[in-house]
Amino acid sequence: MTWLWSNLDLVGELTLVHLALSVPAIILSFVISVPIGWLAHRYRWSRGVLLSLCALLYAIPSLALFVALPPITGLALRSPVNLVIALTLYGIAVIVRTAADAFDAVEPDVRQSATAIGYSAAGRFWGVELPLAGPVLLSGLRVVVVSTVSLATVGAVIGVESLGSLFTDGFQRGIQAEILTGIVATIVLALVLDWLCVVGGRLLMPWSRADAATSRARLSTPVKQADTV
Amino acid sequence: MNLFIDAIAWILDPANWSGPGSIPQRIWEHVWITAVVLLIASAIALPTGALIGHTGRGREPAVRISGGLRALPTLGVLTLFGIWIGIGLAAPIIALVILAIPPLLAGAYAGFESVDRRTIDAARAVGMRESQIVGRVELPLGMPIVVGGIRSATLQIIATATLAAYIADDGLGRFIFAGLKTRDYAEMLGGSILVILLALVADGILALTQRRVVPAGVRASRITDLRSRPTRSRAVVGQPIHEGNPE
């Protein structure tokens, strides 16, 4: 605790740096993934290719990706942009899959009805498919928020400053409190961003709460039947 | 691109293939650590997850724990155990086990939970014992998802074991940290390429396994499902219909 009080400035500063690394990566990966996920949903041939590419990307260990990117992008290893690109790639690998599933989950009946009452393809996407896919997209975004904030700390070992610097510095100097502070700060930051996503989702999609309640009721009924036997 | 040529030259250099800290030794260490951690974590997480999925009890805390552990920064856990236990293999192995539990647990309970409740009721109705239901109905049907959990846990372990070289003198991550210290980009990139190859090979093997463990009956029904899927089939077959009486 004493360590924390005497280093509050440092923790605050690193939290801001950490935000500057993870928030752009989260937003970029979401904006890039939704159209790719829609493509994977829309055309059968692209589905296999796109989802396999994402699975491959997801399989690459983070530290190895951080090292392998600079020769391709021409950036310096210690450049924060390098880290943001890597985090964005991981985010894309997660959200594209969720987005494809989210668009798949839109009832064909609903889609056909929308076409029948005169929606154009673009209008149907913005007015029908995207809002209905919203709750699932949000769940994918929340996974990415938590994993990106956690993953950004890894950059510290190659020299990109973030809350992860508390781990490397604490380890080298043997300060346990510093590492613990870093862990707690990272988790709190992830939870706060996650909570912001939930609140944002409720404001943008007021219907999703009622929806979640009914789907939970629907899911739990058969389970209860099994229990009473 | 020149750097990649240098890295491949570094990988192919015979000097790096023998002696202490050679490429084969590092690969072996990496695979060995991954296997040990996977075994320990599976022994803890898979039975627990199966129990949760089978009984449906303790689901909420399991979801919360596996979700919460996911937010745990791997590097923080590694360095913390590194300080507590000291240099050596014990610290990274304990840290890696903790980090591998969430995906395994999630895969196990999701797999057991995914089995249609009516199938389980049917199994009970034809007189199967509880142990038979678990071993011969739920396990085979949930297996693809359980293996999916093992797959993501394995990838996580391989990735984090790379990072573990920061606190221990083991695994392919050594090349990355050694290269970082001596500013030898060829070694760093060479080490990275080897880790990526290892991860992709492991992922490929487990992806094939995941496909293999789909029971023949399920696979057959899935194929017919794809060809002629009436738009309302699931609503009619799968759930009671509530027409006109919203709950």
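Just so it is clear, the model here is predicted, and its values are computed rather than measured. Reminder, nothing fancy here: chain letters follow the sequence lines and each chain counts from 1.
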If we check side chain to side chain contact (heavy atoms under 4.5 Å, CB included) with B:Ile83, which of these qualifies: A:Ile175, A:Leu180, A:Ile179? A:Ile179
Please report the C-alpha distance between B:Tyr166 and A:Leu63 in whole Å, then the side-chain angles of each, then the deciding distance to 0.1 Å, and finally whether the side chain to side chain contact (heavy atoms under 4.5 Å, CB included) criterion is met. CA-CA 11 Å; B:Tyr166 187 73; A:Leu63 185 56; over 6 Å; no
Side chain from CB out, backbone as N, CA, C, O: work out which of these in A:Glu178 comes under 4.5 Å of a heavy atom of chain B, or both, or neither. neither
Could you state the interatomic distance from CD1 (A:Ile60) to CG (B:Asp203), rounded to the nearest 0.5 Å? 10.5 Å
Measure the spacing between CG of B:Leu163 and OG of A:Ser62 and express it to the nearest 0.5 Å. 6.5 Å
Contact origin within A:Val149 toward chain B - heavy atom pairs under 4.5 Å: neither
To the nearest 0.5 Å, what is the distance between CZ on B:Arg151 and OH on A:Tyr58? 10.5 Å
Kindly indicate whether the side chain of B:Leu78, heavy atoms from C-beta on, has any atom under 4.5 Å from the side chain of A:Phe167. no
For residues A:Ser150 and B:Leu72, determine if any side-chain heavy atom of one lies less than 4.5 Å from a side-chain heavy atom of the other. no
Are B:Leu189 and A:Pro71 close enough that some pair of their side-chain heavy atoms sits under 4.5 Å apart? yes
With the side chain counted from C-beta on, respond yes when B:Phe4 and A:Ile72 share a heavy-atom pair under 4.5 Å apart, and no when they do not. yes
Can you tell which of B:Ile193, B:Ile176, B:Thr162 makes a side chain to side chain contact (heavy atoms under 4.5 Å, CB included) with A:Val67? B:Ile176
Whatever's closer than 4.5 Å to a heavy atom in chain B on A:Ala55 counts as both
Please find the pair of heavy atoms, one from A:Pro70 and one from B:Tyr185, that lie closest to each other, and give the distance. CG-OH, 3.4 Å
For the atom pair CZ (B:Phe177) and CD1 (A:Ile158), what is the distance rounded to the nearest 0.5 Å? 9.5 Å
What part of B:Leu75 gets within 4.5 angstrom of chain A, counting heavy atoms only: side chain, backbone, both, or neither? both
I'd like to verify something: which residue of A:Val146, A:Val157, A:Val154 has the highest number of heavy-atom pairs under 4.5 Å with chain B? A:Val157
Would you check, one step at a time, whether the test side chain to side chain contact (heavy atoms under 4.5 Å, CB included) holds for B:Leu180 with A:Leu77? CA-CA 10 Å; B:Leu180 197 62; A:Leu77 180 64; 3.7 Å; yes
Any chance you could measure B:Ile167, atom CD1, to A:Thr168, atom OG1, to the nearest 0.5 Å? 13.0 Å
Cut-off 4.5 Å, heavy atoms of chain B, and the answer for A:Arg78 is side chain
Closest heavy-atom pair, B:Ala199 versus A:Ala59, reported as atoms and distance to 0.1 Å, is CB-O, 3.4 Å
Smallest heavy-atom separation, A:Ile187 atom then B:Ala71 atom, equals CG1-O, 3.9 Å
Residue A:Thr186 versus chain B: region with a heavy atom under 4.5 Å: side chain
